[in-house]
Amino acid sequence: QVHMVESGGGLVQTGGSLRLSCEASGRTFTTYTMGWFRQAPGKEREFVAAMRWNGGATYNVDSVKGRFTISRDNAKNTVYLQMDSLKPEDTAVYYCAADRHSLVRLSTTPRDYDWWGQGTQVTVSS
């Protein structure tokens, strides 16, 4: 059974930083695309960043350009999201997800992802 567990969320002031982690178990995710999404109250789930098995990455440029960095440690089956210069509009529940079709795509669409974590709350105070 696949489990994906996020951690590292919390309350931070504007301009602060957080580092989210997502550890996957139950499969070897080395060759999968790992992504981060977020969902604020009353809004649709939004793509944040994703990284393919080979390190190629893409970001939601409009929302997180230059502030967020995705990375992964395949030996630990873990993906990270370093979030700097946080803004109140970054407040949301952050989810990690895995897409097994990493060889053919680097998707920004939630429906393309096969497994999801339970989410971790990030709150940025003004």
Side-chain angles (χ1 to χ4, degrees):
Q1 190 171 357
V2 174
H3 288 285
M4 301 182 68
V5 180
E6 301 97 337
S7 61
L11 174 64
V12 65
Q13 291 184 334
T14 297
S17 298
L18 285 173
R19 188 191 193 207
L20 305 183
S21 300
C22 173
E23 183 175 1
S25 62
R27 281 177 178 256
T28 300
F29 287 81
T30 304
T31 60
Y32 294 174
T33 291
M34 304 295 286
W36 287 97
F37 294 80
R38 66 186 183 186
Q39 189 165 18
K43 295 187 177 180
E44 294 187 352
R45 192 163 296 190
E46 175 187 43
F47 170 74
V48 175
M51 178 173 278
R52 294 181 73 181
W53 62 276
N54 60 358
T58 188
Y59 295 87
N60 184 331
V61 175
D62 291 339
S63 297
V64 305
K65 179 182 180 181
R67 301 187 297 120
F68 290 10
T69 304
I70 188 172
S71 61
R72 64 191 293 168
D73 185 336
N74 286 334
K76 296 182 178 180
N77 252 7
T78 299
V79 62
Y80 305 96
L81 186 68
Q82 177 67 41
M83 305 187 296
D84 299 317
S85 301
L86 283 162
K87 305 175 181 180
E89 51 263 44
D90 294 318
T91 295
V93 177
Y94 283 70
Y95 299 90
C96 67
D99 175 9
R100 56 188 165 174
H101 299 291
S102 182
L103 295 178
V104 297
R105 68 188 179 200
L106 179 54
S107 177
T108 64
T109 304
R111 66 174 179 268
D112 287 338
Y113 285 76
D114 302 290
W115 298 283
W116 292 82
Q118 82 291 346
T120 186
Q121 177 70 46
V122 171
T123 303
V124 184
S125 63
S126 57

To check you understand the geometry: which heavy-atom pair defines the closest contact between [X] and [Y], and what is its length?
X	Y	result
Leu106	Ala50	CD1-CB, 3.8 Å
Thr78	Lys76	OG1-O, 2.8 Å
Cys96	Val79	CB-CG1, 4.5 Å
Arg52	Val104	NH2-N, 3.8 Å
Met4	Ala97	CE-C, 3.7 Å

Taking the side chain as every heavy atom from C-beta outward, state whether [X] and [Y] have any pair of such atoms under 4.5 Å apart.
X	Y	result
Asp114	Asp99	yes
Arg38	Glu46	yes
Thr69	Tyr80	no

Strictly distance-based, threshold 3.5 Å: is any side-chain N or O of [X] a donor or acceptor partner for the main-chain N or O of [Y]?
X	Y	result
Arg72	Met51	yes
Asp90	Val64	no
Thr91	Val124	yes
Glu6	Gln118	yes
Tyr59	Ile70	yes
Ser107	Arg105	no

task: Using the ring-ring contact (aromatic ring centres under 6.0 Å, His included) rule, collect all pairs that involve residues 23-45, keeping only residues at least two apart or in two chains.
output: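 The answer is Phe29-Tyr32, Phe29-Trp115, Tyr32-Trp115, Phe37-Phe47, Phe37-Tyr113, Phe37-Trp116.
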How long is the span from the [atom1] atom in [X] to the [atom2] atom in [Y], to the nearest 0.5 Å?
X	Y	atom1	atom2	value
Glu89	Ser126	CD	OG	10.0 Å
Leu103	Thr33	CG	OG1	8.5 Å
Arg67	Lys87	CZ	NZ	4.5 Å

Please list every donor-acceptor pair under 3.5 Å in which a side-chain atom of residues 12-25 meets a protein atom from a residue at least two apart or in another chain.
from  : atom 1 : to     : atom 2 : distance (Å)
Thr14 : OG1    : Ser125 : O      : 2.7
Ser17 : OG     : Asp84  : OD1    : 2.8

